[in-house]
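Quick note: numbers below take in every heavy atom, side chains included, and nothing from hydrogens, waters or symmetry partners. Computed from a prediction, not measured in an experiment: that's the story for all the values here.
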Amino acid sequence: MATPESNEQASGTGRRAVLGAAVLGAGGTVLGLAGPARAARGAGQGHGRGRGLDSLPVPMVIGHRGASGYRPEHTFGSYQLALDMGADIVEAGDLVPTKDGHLVCRHEPEIGGTTDVADHPEFAGRRTTKTLDGVQVTGWFTEDFTLAELKRLRAVERIPANRPHNTLYDGRWEIPTFEEALRWQDEQTRKRGKQVWIYPELKHPTYFRAFGLGLEERVAKLLRKHGKDRRNSPVILQSFEPTSVQRLRELVDNPLVVLLSDAGSRPWDFVESGDPRTTADLVTPRGLKEIASYAQGIGPTLNLIIPRDSAGRLTEPTTLVRDAHRAGLILHPYTMRNENPFLPAEFREGADPDAYGDVFGAYRAYFATGIDGVFTDQPDTGLLAREDFVNR
């Protein structure tokens with residue numbers, strides 16, 4: 001998941017980690033237990049019941065780009081750790097294409113911040129400036145590399161100032177392809193004896209379609225190849241562009257989710273087509289009813305669930321959860337992070353920007369609104385908070 005989140009690039013040094021891989025280990029068995037599930041669409045289900053989305057717990061915990069609070073994001077190390085910690089779903093893939101049409105898993109098409117490409121003198125001439133969804137971005141872009149060239153790179157931590165510990169893992173993993181992620185999903189399902197779910201996002205589909213690199217058709221082709229294009233397939237697809245989700249609906253039967261940024265923003269496909277609507281229009285009962293005609297859920301930014309005031313403190317919840325459920329939609333907001341700069345002000349602890357705050361209090365506030373799940377960089381704490389919330 002990538003977003004125009006204002007807190008995405010918060011900085012600082014000297015992290016205080018109170019929970020993590022070293023504490024919780026690899027099994028995730030206790031953390032994965034599902035408590036009583038609240039009805040998501042009138043008939044909520046716990047682990048092991050029903051099929052498709054109904055087989056997942058509510059509220060579910062989604063490993064955002066894996067366990068990206070502990071490992072460089074969108075690597076098999078991050079994906080693996082998310083499963084080991086007990087995540088219900090792993091966001092295996094923000095999908096962007098290569099020059100030769102392969103889909104790879106990166107936060108953005110610009111890879112200067114998530115790989116060691118700057119350390120490769122042979123690629124120095126590829127550095128350029130492009131306009132990405134109306135914003136000038138300078139760096140290296142996946143669509144200018146073949147897959148073979150990208151495989152020579154290694155992943156690095158995207159926000160090292162916040163997560164210096166993650167830099168210990170810089171260079172360990174290559175860039176995964178979406179097809180490799182699908183095979184990894186099958187392998188992990190066999191090894192763990194239970195179905196592993198993934199939640200890929202199609203990134204900037206309008207931008208890439210202009211280059212003849214349509215994402216939807218490539219995603220659909222791979223899902224069909226691996227037999228994962230059906231209504232009950234363990235793959236949820238998401239995009240910030242509603243027309244991309246509509247296109248997917250014509251190609252596959254997978255559960256689909258429309259991502260929603262801040263209220264005043266406009267999806268880029270709307271900008272390109274001249275559609276004047278903003279996210280605020282999409283989250284009205286009328287807008288949600290329209291989304292429900294082609295998707296199963298929405299992924300709003302957390303601020304659309306509970307806005308923050310000028311001091312960064314939570315205010316009263318909006319009616320979005322109620323309105324979306326009335327439209328028959330599930331809600332999986334993004335993104336919960338444990339570090340102080342990312343938390344609402346009342347849940348921060350001390351002045352250290354890298355310290356973990358009272359993330360459990362924050363989870364309880366959001367879970368109490370009735371959301372069906374949440375994206376988190378640290379799935380271990382999300383799972384612990386869920387168990388506390390559903391069993392209290």
Point to revise | Ser273-Asp275 side chain donor-acceptor pair, cut-off 3.5 Å | key: no
Review point. Within a radius of less than 6.0 Å around CZ of Arg322, do more than 12 heavy atoms belonging to other residues, nucleotides or ligands occur?
Key: yes
Review point. Have Tyr334 and Gln238 got a donor and an acceptor in their side chains that come within less than 3.5 Å?
Key: no
Exercise for review: Check the hydrophobic clustering (I, L, V, M, F, W, Y; side-chain heavy atoms under 4.5 Å; chains of links allowed) and say if Val390 and Phe360 are grouped together.
Suggested key: yes
Check your understanding: Should Val359 and Thr376 count as side-chain neighbours, where that means a heavy-atom distance under 4.5 Å?
Key -> no
Exercise for review: Give a yes or no answer on whether the side chain of Thr335 reaches the backbone of Phe375 with a donor-acceptor pair at less than 3.5 Å.
Suggested key: no
Revision key, fill the gap. Output for pair (Leu329 CG, Gln296 CD), nearest 0.5 Å, gives 8.5 Å
Review point. Is Arg126 close to Glu149 at the side-chain level, that is, under 4.5 Å between some pair of heavy atoms?
Key: yes
Review point. Are there more than 12 heavy atoms of other residues, nucleotides or ligands under 6.0 Å from atom CZ of Arg231?
Key: no
Exercise for review: State, yes or no, whether a side-chain contact exists between Asp323 and Val283 at a heavy-atom distance under 4.5 Å.
Suggested key: no
Practice item. Locate the shortest heavy-atom distance separating Pro200 from Ile236; write the atom from each residue and the value. Key: CD-O, 3.2 Å
Point to revise | From Arg308 atom CZ to Leu314 atom CG, the distance as rounded to the nearest 0.5 Å | key: 6.5 Å
Check your understanding: Just by distance, do the side chain of Asn166 and the backbone of Pro160 share a donor-acceptor pair under 3.5 Å?
Key -> no
Check your understanding: With no hydrogens and no angle check, is any side-chain donor or acceptor of Ser78 less than 3.5 Å from a backbone partner on Thr75?
Key -> no
Practice item. May I ask you to decide whether Asp88 forms a salt bridge with Arg386, counting only side-chain N to carboxylate O separations under 4.0 Å? Key: yes
Point to revise | Smallest separation among heavy atoms of His332 and Asp372, with atom names | key: CD2-C, 3.9 Å
**Study point:** Least distance between heavy atoms, Glu73 atom then Ser68 atom
**Key:** CB-CB, 3.7 Å
**Study point:** N/O donor-acceptor pair under 3.5 Å between Thr142 side chain and Pro97 backbone
**Key:** yes
Review point. Is Asp262 reaching over with its side chain to a backbone N or O of Gly264, donor-acceptor style, under 3.5 angstrom?
Key: no
Exercise for review: Please determine if Lys130 forms a cation-pi arrangement with Phe211, meaning its NZ or CZ atom is less than 6.0 Å from the six-membered ring centre and no more than 45° off the ring axis.
Suggested key: yes
Exercise for review: Supply the atom-to-atom distance Leu343 CG to Asn338 CG, rounded to the nearest 0.5 angstrom.
Suggested key: 7.0 Å
**Study point:** Glu122 atom CD: more than 12 heavy-atom contacts under 6.0 Å
**Key:** yes
Check your understanding: Within the side chain of Arg249, is there an N or O that forms a donor-acceptor pair under 3.5 Å with the backbone of Val245?
Key -> no
Exercise for review: Classify the side-chain pair Asn254/Ser233 by whether it contains a donor and acceptor separated by less than 3.5 Å.
Suggested key: no
Point to revise | Val96 side chain reached by Glu108 side chain, heavy atoms, under 4.5 Å | key: no
Revision key, fill the gap. Note: Gly52 and Trp197 closest approach over all heavy atoms is O-CZ2, 3.2 Å
Review point. Under 3.5 Å, is there a donor-acceptor pair between the side chain of Asp281 and the main chain of Thr278?
Key: yes
Check your understanding: Given Asp377 and Phe342, is the side-chain contact (heavy atoms from CB on, under 4.5 Å) satisfied, shown in steps?
Key -> CA-CA 11 Å; Asp377 287 7; Phe342 305 123; 5.9 Å; no
Practice item. Please confirm whether the backbone N or O of Thr114 pairs with a side-chain atom of Arg106, one donor and one acceptor, at under 3.5 Å? Key: yes
**Study point:** Check: Lys151 side chain, Glu174 main-chain N or O, donor-acceptor pair, under 3.5 Å
**Key:** no
Check your understanding: Is it true that Trp184 and Tyr79 have ring centroids separated by less than 6.0 Å?
Key -> yes
Check your understanding: Is the number of heavy atoms from other residues, nucleotides or ligands under 6.0 Å of Lys221 NZ greater than 12?
Key -> no
Point to revise | Side-chain heavy-atom pair Arg277, Glu290 within 4.5 angstrom cut-off | key: yes
Check your understanding: In terms of side-chain heavy atoms, does Thr206 have a donor or acceptor partner in Glu241 at a distance below 3.5 Å?
Key -> yes
Point to revise | Student check: side-chain heavy atoms of Leu302 and Tyr366 closer than 4.5 Å | key: yes
Check your understanding: Rounded to the nearest 0.5 Å, what separation is found between the CD1 atom of Ile305 and the OG1 atom of Thr319?
Key -> 10.0 Å
Point to revise | Qualifying residue, where the test is side-chain contact (heavy atoms from CB on, under 4.5 Å) with Leu222 and the options are Asp229, Leu95, Leu182, Thr177 | key: Leu182
Review point. Given Glu179 and Arg183, is the salt bridge (Lys or Arg N to Asp or Glu O under 4.0 Å) satisfied, shown in steps?
Key: CA-CA 6 Å; Glu179 184 156 31; Arg183 291 171 178 159; 3.4 Å; yes
Point to revise | From NE2 (His64) to CD (Glu201), nearest 0.5 Å | key: 7.5 Å
**Study point:** Minimum side-chain heavy-atom gap Arg158-Arg163 below 4.5 Å
**Key:** no
Check your understanding: Are Pro234 and Val196 close enough that some pair of their side-chain heavy atoms sits under 4.5 Å apart?
Key -> no
**Study point:** Option from Phe123, Phe145, Trp140 for which side-chain contact (heavy atoms from CB on, under 4.5 Å) with Leu150 holds
**Key:** Phe145
Check your understanding: Are a donor atom and an acceptor atom from the side chains of Asp380 and Tyr70 found within less than 3.5 Å of each other?
Key -> yes
Review point. Mind checking whether Phe389 and Phe367 have parallel, tilted or perpendicular rings, split at 30° and 60°?
Key: tilted
**Study point:** From Asp170 atom CG to Thr115 atom OG1, the distance as rounded to the nearest 0.5 Å
**Key:** 10.5 Å
Check your understanding: Closest approach of Pro176 and Phe76, non-hydrogen atoms and distance?
Key -> CB-CE1, 3.5 Å
Review point. Any donor-acceptor pair under 3.5 Å linking the side chain of Asp116 with the backbone of Asp119?
Key: no
Review point. Which heavy-atom pair separates Val90 from Ala82 by the least distance, and what is that distance?
Key: CG2-CB, 4.0 Å
Review point. Would you say Val156 and Val137 are hydrophobically clustered, going by side-chain heavy atoms of ILVMFWY under 4.5 Å?
Key: no
**Study point:** Geometric class of the Tyr169/His165 ring pair [parallel <30°, tilted 30-60°, perpendicular >60°]
**Key:** perpendicular
